[in-house]
Amino acid sequence: MDAGLDLVEIQPNANPPVCKILDYGRYKYQAQKKAAETRKKQKTVEIKEIKMRPNIDTHDYEVKMRNMLRFFNDGDKVKVTLRFRGREMAHQDLGMNLLNKVREETSEIAKVESSPKLEGRQMVMVLAPIK
């Protein structure tokens, strides 16, 4: 008697291979739903960028730090970019001091993923939230 069922190989690598008699269309549909559900639960970690200048004002700095804390709470990484213009290149120590200040203020909630390094006219540091 024809029940409209198929012989489906579940685990071909097992010894002996595991097979089931079931409706293949329904099996495929359920597998697709399961994959979509796992994709939905996944959180992709984004890298947010905060751009600063070496002679940043205190209020501007505080606003950037607030945004950075919000990004860490969302579970995102933060790339702090410090851009030097003109004669600021002669005062790279000011930029390093600023990035060290950022590192110290976020030390409880974030760890340094890549320490500050100079790339052309900008200094870059990447911070990741501590889970």
Side-chain angles (χ1 to χ4, degrees):
M1 114 176 113
D2 186 28
L5 300 175
D6 305 303
L7 182 67
V8 180
E9 192 175 32
I10 304 296
Q11 284 186 320
N13 298 335
N15 192 11
V18 179
C19 296
K20 272 188 180 178
I21 297 175
L22 46 83
D23 182 6
Y24 183 65
R26 184 172 178 210
Y27 170 74
K28 223 165 73 170
Y29 174 75
Q30 286 175 338
Q32 189 179 11
K33 281 287 189 195
K34 193 185 220 179
E37 190 68 31
T38 58
R39 271 198 309 273
K40 196 186 332 179
K41 288 181 182 174
Q42 235 174 20
K43 165 84 172 90
T44 58
V45 176
E46 291 184 39
I47 297 183
K48 303 286 190 173
E49 187 172 18
I50 298 280
K51 292 185 178 180
M52 295 184 187
R53 295 278 308 282
N55 55 350
I56 190 168
D57 193 48
T58 53
H59 180 261
D60 295 334
Y61 175 78
E62 289 166 6
V63 169
K64 304 255 186 206
M65 290 304 289
R66 263 200 311 273
N67 288 335
M68 208 179 296
L69 296 178
R70 192 186 56 190
F71 294 152
F72 288 137
N73 289 335
D74 292 343
D76 296 326
K77 293 181 182 179
V78 176
K79 177 181 176 182
V80 183
T81 305
L82 199 66
R83 171 159 279 143
F84 295 99
R85 291 173 63 189
R87 293 184 183 160
E88 291 173 350
M89 282 300 287
H91 302 286
Q92 293 175 14
D93 55 327
L94 294 176
M96 189 58 86
N97 292 343
L98 183 65
L99 287 180
N100 285 333
K101 184 178 170 187
V102 169
R103 180 192 302 180
E104 288 166 14
E105 288 188 17
T106 59
S107 62
E108 295 95 48
I109 57 166
K111 62 181 182 293
V112 176
E113 201 165 83
S114 75
S115 54
K117 58 180 172 282
L118 195 66
E119 298 174 355
R121 286 195 158 271
Q122 54 191 19
M123 204 174 276
V124 178
M125 176 173 68
V126 178
L127 300 166
I130 298 173
K131 299 202 168 39

Check your understanding: Honestly curious: do V124 and I47 fall in one hydrophobic cluster under the side-chain, below-4.5 Å linking rule?
Key -> no
Exercise for review: Could I get the full list of side-chain hydrogen bond (donor to acceptor under 3.5 Å, both in side chains) partners for Q11, not counting sequence neighbours?
Suggested key: none
Practice item. Assess whether side-chain contact (heavy atoms from CB on, under 4.5 Å) is satisfied between D6 and Y27, documenting all intermediate values. Key: CA-CA 10 Å; D6 305 303; Y27 170 74; over 6 Å; no
Practice item. With rounding to the nearest 0.5 Å, note down the distance linking CZ in F71 to CD in E49. Key: 10.5 Å
Point to revise | Enclosure of I21 CD1 (heavy-atom neighbours >12, cutoff 6.0 Å) | key: no
**Study point:** Passing candidate, side chain to side chain contact (heavy atoms under 4.5 Å, CB included) with M52, options T81, L99, L82
**Key:** L82
Taking only distance into account, with no hydrogens and no angle test, what donor-acceptor pairs under 3.5 Å do side-chain atoms of residues 90-97 form with protein atoms, sequence neighbours excluded?
from	atom 1	to	atom 2	distance (Å)
Q92	NE2	M89	O	3.3
N97	ND2	D93	O	3.3

Practice item. Using a 4.5 Å cut-off on heavy atoms from C-beta on, say whether the side chain of R70 contacts that of N73. Key: no
Point to revise | Over all atoms of both residues, closest heavy-atom pair of P129 and D76 | key: CD-O, 3.4 Å
Study note, to complete from the structure: Contacts of S114 meeting side-chain hydrogen bond (donor to acceptor under 3.5 Å, both in side chains) (sequence neighbours excluded), chain-then-number -> none
Check your understanding: Does K20 have any salt bridge (charged side-chain N to carboxylate O under 4.0 Å, His left out) partners at least two apart in sequence or in another chain, and if so, which?
Key -> none
Check your understanding: Minimum heavy-atom separation for E104 to S107, with atom names?
Key -> O-OG, 3.0 Å
Point to revise | Same cluster (ILVMFWY, side-chain, under 4.5 Å), L7 and L5 | key: yes
Check your understanding: Between L118 and V112, is there a shared hydrophobic cluster once you connect ILVMFWY residues whose side-chain heavy atoms come closer than 4.5 Å?
Key -> yes
Exercise for review: Is it possible for you to say whether I109 and V80 belong to one hydrophobic cluster, with membership spreading through side-chain heavy-atom contacts below 4.5 Å?
Suggested key: yes
Study note, to complete from the structure: Those residues at least two apart in sequence (or on a different chain) that pass salt bridge (charged side-chain N to carboxylate O under 4.0 Å, His left out) with E88 are R53
Practice item. Would you indicate whether Q32, at its atom CD, is surrounded by more than 12 heavy atoms from other residues, nucleotides or ligands within a distance under 6.0 Å? Key: no
Going by atom type alone, with no hydrogens or angles, which donor-acceptor pairs under 3.5 Å involve a side-chain atom of residues 54-66 and a protein atom two or more places apart or on another chain?
from	atom 1	to	atom 2	distance (Å)
Y61	OH	E105	OE1	3.4
Y61	OH	E105	OE2	3.4
K64	NZ	K51	O	2.9

Review point. Under a single-linkage definition using a 4.5 Å side-chain heavy-atom cutoff for Ile, Leu, Val, Met, Phe, Trp and Tyr, are L22 and Y29 assigned to the same hydrophobic cluster?
Key: no
Review point. Of E113, K111, M68, which is the lone residue that meets side chain to side chain contact (heavy atoms under 4.5 Å, CB included) with L127?
Key: M68
Revision key, fill the gap. The reported gap from CZ in R85 to CZ in R83 (rounded to nearest 0.5 angstrom) is 8.5 Å
Study note, to complete from the structure: Paired with M125, the side chain to side chain contact (heavy atoms under 4.5 Å, CB included) test is passed by just one of K79, R103, K117, namely R103
